[in-house]
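Numbering starts at 1 and runs along the sequence shown.
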Amino acid sequence: MELEIEKNRKNYNQIIQKSIENENTKNNELNNNIDYNVTPEKQNNFLETSLGKTINTALNVGLRYLLPNIIEDQVIEIKDTIIRDGFKEGINKTVESAINLGKSAIGLVTGKFDNVTQMQTAIEKGGLIDTISDCIDFGLKVGKHAGIVPKEVEGIIKSGKNILMNNIESNIESTLTTQLKGIEKVNKYIENWNTYYKEQNFSKMELEYDKIREKLKDLVPIEETLKKAHQVENLHKLIRSKGRDFNLSEEEIELAKKLS
C-alpha cells in the first residue's frame with residue numbers, strides 16, 4: 001500500500017513538474033516572439049498616450065525652468081531631441097536590461113497594455129522611471145553632436161538634471177494615479193451599465209454608456225478594460241438600432257461580444 005502511495009506521489013510530482021516546464025516554455029516562446037524594436041511609428045504610439053504626453057510636458061516645463069534665457073523655439077528643439085532620441089534609447093535599455101518586465105515591456109513600445117498590473121510594472125521601479133536619467137543623457141549627446149545643444153547649454157541641463165528627473169517622475173506618478181482612478185471609474189460605469197441592462201432601463205444605460213466613452217478618451221489603452229467597454233458599446237448600439245428592443249437572440253449577443 002505504501003509503495004503504491006509513493007508511486008502515485010512520484011507520478012503526481014512528475015505531472016506538476018511537466019506542467020511547470022510547459023508553462024515556462026510557452027512564456028519563453030511568447031517573449032521571443034514579441035517585437036521590442038522601437039520604430040518611430042511605435043514610439044509615436046506611446047508618446048500620443050496620456051503618459052507619453054505627460055513626459056513631453058514635464059520635460060518641456062523643466063527645460064524652460066533651467067533655460068530661462070533660451071528662446072522658446074530652441075528649448076522645444078532641445079526637448080524634441082531628448083524625446084525623439086533619448087526616449088527611444090531609454091525604452092530600448094529598459095527592455096533589454098529589465099528581463100523581469102516580460103510582456104509588460106511591450107506596452108512601452110506600443111503604448112498599449114493588457115492590464116493595469118502590466119502598466120505599473122513597466123512604468124514604476126525597474127521600468128521606465130529608472131531609465132529617465134539615461135534618456136536625458138543620450139538625448140543631450142545626440143543633440144550636441146547634431147549642433148542642436150550647445151556645450152554650455154548641455155552643462156546647465158546636466159547640472160540641473162535632478163530637477164528634470166524629479167519633475168518628470170512626479171508627473172508620471174501623478175498621471176499613473178489618475179489613470180488607475182480613471183480605470184476604476186470605467187469599470188464601475190460598465191458594472192452600472194450591466195445592472196441597468198438586466199433591468200432593461202435604456203435611459204440609465206445611455207447615461208453610463210456616455211460616461212464610459214468620455215472617460216476612455218483620457219486613459220492609456222488597457223486591453224482588459226477596452227474589451228469590456230467594447231462589448232458594452234456593441235450591445236448598446238445593437239439595442240438602440242432595434243428601437244430599444246431588448247429581445248436579442250443568443251447569436252446577436254455572442255456576435256456583439258466577439259466583435260470586441
Side-chain angles (χ1 to χ4, degrees), residues 38-98 101 104-105 107-113 119-182 217-221:
V38 187
T39 63
E41 292 78 16
K42 289 178 179 177
Q43 185 180 1
N44 286 335
N45 287 336
F46 185 83
L47 293 175
E48 284 302 312
T49 66
S50 298
L51 285 167
K53 290 175 181 176
T54 294
I55 294 171
N56 195 313
T57 301
L59 183 58
N60 192 32
V61 170
L63 287 173
R64 288 178 190 279
Y65 176 81
L66 292 176
L67 307 169
N69 298 321
I70 302 294
I71 59 173
E72 183 177 350
D73 287 349
Q74 190 175 0
V75 171
I76 292 174
E77 192 174 19
I78 293 170
K79 183 262 297 179
D80 287 345
T81 299
I82 294 174
I83 288 287
R84 184 180 61 248
D85 299 301
F87 186 70
K88 175 182 174 180
E89 181 68 10
I91 291 179
N92 277 328
K93 285 189 176 180
T94 300
V95 172
E96 289 169 6
S97 62
L101 287 183
S104 299
L108 293 177
V109 179
T110 64
K112 297 179 181 179
F113 298 93
M119 181 171 68
Q120 289 176 298
T121 301
I123 293 165
E124 294 176 339
K125 293 301 179 183
L128 181 61
I129 284 180
D130 283 352
T131 67
I132 291 173
S133 180
D134 289 338
C135 288
I136 295 171
D137 286 343
F138 191 83
L140 289 176
K141 182 179 178 181
V142 172
K144 183 180 176 183
H145 285 310
I148 296 171
V149 182
K151 187 174 181 180
E152 60 272 20
V153 170
E154 179 191 28
I156 293 171
I157 295 173
K158 281 192 171 182
S159 64
K161 192 169 69 171
N162 284 341
I163 295 174
L164 283 181
M165 288 177 61
N166 290 337
N167 190 41
I168 294 170
E169 286 179 26
S170 63
N171 277 272
I172 288 175
E173 288 167 356
S174 176
T175 298
L176 185 56
T177 299
T178 301
Q179 288 286 312
L180 295 176
K181 288 181 179 177
K217 294 176 184 177
D218 303 323
L219 298 180
V220 169

Distance, nearest 0.5 Å, that separates [atom1] of [X] from [atom2] of [Y]:
{"X": "N171", "Y": "T178", "atom1": "CG", "atom2": "OG1", "result": "10.0 Å"}
{"X": "I70", "Y": "I156", "atom1": "CD1", "atom2": "CD1", "result": "6.5 Å"}
{"X": "I157", "Y": "L140", "atom1": "CD1", "atom2": "CG", "result": "5.0 Å"}
{"X": "L176", "Y": "I172", "atom1": "CG", "atom2": "CD1", "result": "9.0 Å"}
{"X": "L63", "Y": "N167", "atom1": "CG", "atom2": "CG", "result": "9.5 Å"}
{"X": "I136", "Y": "I83", "atom1": "CD1", "atom2": "CD1", "result": "9.5 Å"}

Considering all heavy atoms, the nearest [X]-[Y] contact:
{"X": "T81", "Y": "G139", "answer": "CG2-O, 3.4 Å"}
{"X": "Q179", "Y": "D218", "answer": "NE2-O, 2.9 Å"}
{"X": "I148", "Y": "Q74", "answer": "O-NE2, 4.2 Å"}
{"X": "L59", "Y": "I82", "answer": "CD2-CG2, 3.6 Å"}

Flag, side chain of [X] to backbone of [Y], donor-acceptor distance under 3.5 Å:
{"X": "N166", "Y": "N162", "answer": "yes"}
{"X": "S174", "Y": "S170", "answer": "no"}
{"X": "E77", "Y": "V149", "answer": "no"}

Problem - Validation row: I76, R64 side chains within 4.5 angstrom (heavy atoms) - result: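 I76 reaches R64 side chain to side chain.
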
Exercise for the section: Only one of V153, N60, D73 passes side-chain contact (heavy atoms from CB on, under 4.5 Å) with I78; say which it is. Expected result: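 So, applying the side-chain contact (heavy atoms from CB on, under 4.5 Å) to I78 and each of V153, N60, D73, only V153 qualifies.
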
Handout entry: Partner set under salt bridge (Lys or Arg N to Asp or Glu O under 4.0 Å) for K161, not counting sequence neighbours
Key =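 Checked K161 against salt bridge (Lys or Arg N to Asp or Glu O under 4.0 Å); matches are D137.
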
